[in-house]
Protein chains: 2
Amino acid sequence: MYMEKTYLSIEELSTVLKLLGDRTRLDIMRYVSVDECCVCELVELLNLSQPSISQHLRKLKDARLVNEKRKGNWVFYSKNMNHPASEIINGILGHLPDGKKEIEELSNQNMRIICD
Amino acid sequence: MYMEKTYLSIEELSTVLKLLGDRTRLDIMRYVSVDECCVCELVELLNLSQPSISQHLRKLKDARLVNEKRKGNWVFYSKNMNHPASEIINGILGHLPDGKKEIEELSNQNMRIICD
DNA sequence: TTATAATATAAGCATATGATTATATGAGGT
DNA sequence: ACCTCATATAATCATATGCTTATATTATAA
């Protein structure tokens, strides 16, 4: 599949890279690119406090790296596939082990949140 | 040309991304990937103090993103092509306008440092 | 050896960052 | 309406970051 190379401003890109340059946020992006995740799942996966996760998600959301969708009590986050830096982000994530295993682990422990 | 995809640890990669997530360092990488640059050239190009540039270069050198080579009074920095994250770094830089124009500007002002 | 030029390091400081605890908000169920 | 659960926000704090100024290195030149 042919991909048009997107050019970004240096400012835009360094902003994205700074966000991904945090271990926790990079992990979040790994997970939400496997499947949409709600906050409590990410809390489990990352072993951090809920407010900490929420604050990271806020930054990712503000930069439009993730989408937010409420389902009842839960708020699910997913990777925004239409971000101007999507190509680069996918390139980066493609060089990392994906988060499938950990998410399956969650499933096995019956800790995944399934809505409708 | 076929490229073997390199996998990195999440920790390693987030460290690299954090370094590139700074506007100044991203610019430095853009420039040294065009051609090796000495400190005073980067000071000119980036319009920052010499110590500031040196400190950024120190971080990039410590992470082995750049190589250092002394030529007389000058110290030249170049992109390390053999970094484990080279592929990703090139991918990132490939989405940015390169620094050729600015470096040519320097040449035109006779401010490039030419050794041997 | 002394002086000079380029770079590196140290010290100081203001701001940014990421975590924690406490509290607020918002949707669902009773 | 009230309670509960999931999430968001506020307040606080310790540490990290990036810049500046001042000083130390290191190599060349006189």
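In what follows, chains carry the letters A, B, and so on, assigned in the order in which the sequence lines appear, proteins first and then strands, with residues in each chain numbered from 1. Every heavy atom of this structure was used, including side-chain atoms; hydrogens, water molecules and symmetry mates were not.
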Over how many whole Å does the gap from [X] atom [atom1] to [N] atom [atom2] extend?
X: A:I53; N: D:dA8; atom1: CD1; atom2: C1'; answer: 13 Å
X: B:L19; N: D:dT17; atom1: CG; atom2: P; answer: 9 Å
X: B:L20; N: D:dT17; atom1: CG; atom2: P; answer: 14 Å
X: A:H56; N: D:dT7; atom1: NE2; atom2: C1'; answer: 16 Å
X: B:W74; N: C:dA5; atom1: CH2; atom2: C1'; answer: 8 Å
X: B:L42; N: C:dT7; atom1: CG; atom2: P; answer: 9 Å
X: A:K61; N: D:dT7; atom1: NZ; atom2: P; answer: 13 Å
X: B:E68; N: C:dA6; atom1: CD; atom2: P; answer: 17 Å

Check for a donor-acceptor pair, side chain of [X] on one end and backbone N or O of [Y] on the other, with a separation under 3.5 Å.
X: B:E102; Y: B:L45; value: no
X: B:S86; Y: B:M81; value: yes
X: B:E41; Y: B:I113; value: yes
X: A:S52; Y: A:L48; value: no

Restricting to nitrogen or oxygen on both sides, can you table the protein-nucleotides 10-12 of chain C pairs closer than 3.5 Å?
| unit_1 | atom_1 | unit_2 | atom_2 | d |
| --- | --- | --- | --- | --- |
| C:dA10 | N6 | B:Q55 | NE2 | 3.3 |

- Query: Out of B:N90, B:L65, B:V66, which residue meets the side-chain contact (heavy atoms from CB on, under 4.5 Å) rule with B:K79?
  - Reply: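 Running side-chain contact (heavy atoms from CB on, under 4.5 Å) over B:N90, B:L65, B:V66 with B:K79 returns exactly one hit, B:N90.
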
- Is there a donor-acceptor contact under 3.5 Å linking the side chains of B:E11 and B:T15? no

Taking only N and O in the side chain of [X], is any of them less than 4.0 Å away from OP1 or OP2 of [N]?
X: A:S52; N: C:dT17; value: no
X: B:K59; N: D:dG18; value: yes
X: B:Y77; N: C:dA6; value: no
X: B:T24; N: D:dT17; value: no

- Task: Report the nucleotide, chosen from D:dT20, D:dT9, D:dG18, that has the shortest atom-to-atom distance to any side-chain atom of A:S54.
- Result: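 Looking only at side-chain atoms, A:S54 lies closest to D:dT9.
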
- Item | A:V39 side chain, from C-beta outward: closest of C:dA8, D:dA8, C:dA19 | D:dA8

- Ion pair present between B:D27 and B:R30, side-chain N to carboxylate O less than 4.0 angstrom?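 Salt bridge: yes.
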
- Task: Decide, yes or no, whether a salt bridge links A:R23 with B:E12 under the criterion of side-chain N to carboxylate O below 4.0 Å.
- Result: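 B:E12 and A:R23: not salt-bridged.
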
- Query: Which distance, rounded to the nearest 0.5 Å, do you find between the CZ of A:R70 and the SG of A:C38?
  - Reply: 11.0 Å

- Task: Starting at CD of B:E104, measure out to CZ of B:R112 and round the result to the nearest 0.5 Å.
- Result: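 So the gap between those two atoms works out to 10.0 Å.
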
Touch check for [X], heavy atoms < 4.0 angstrom, all strands: base, sugar-phosphate only, or nothing?
X: B:R23; value: nothing
X: B:L48; value: sugar-phosphate
X: A:E41; value: nothing

- Note on the structure: Scoring nucleotides 23-30 of chain C by protein non-hydrogen atoms under 4.0 Å (B base, S sugar-phosphate only, - none) yields ---BBS--

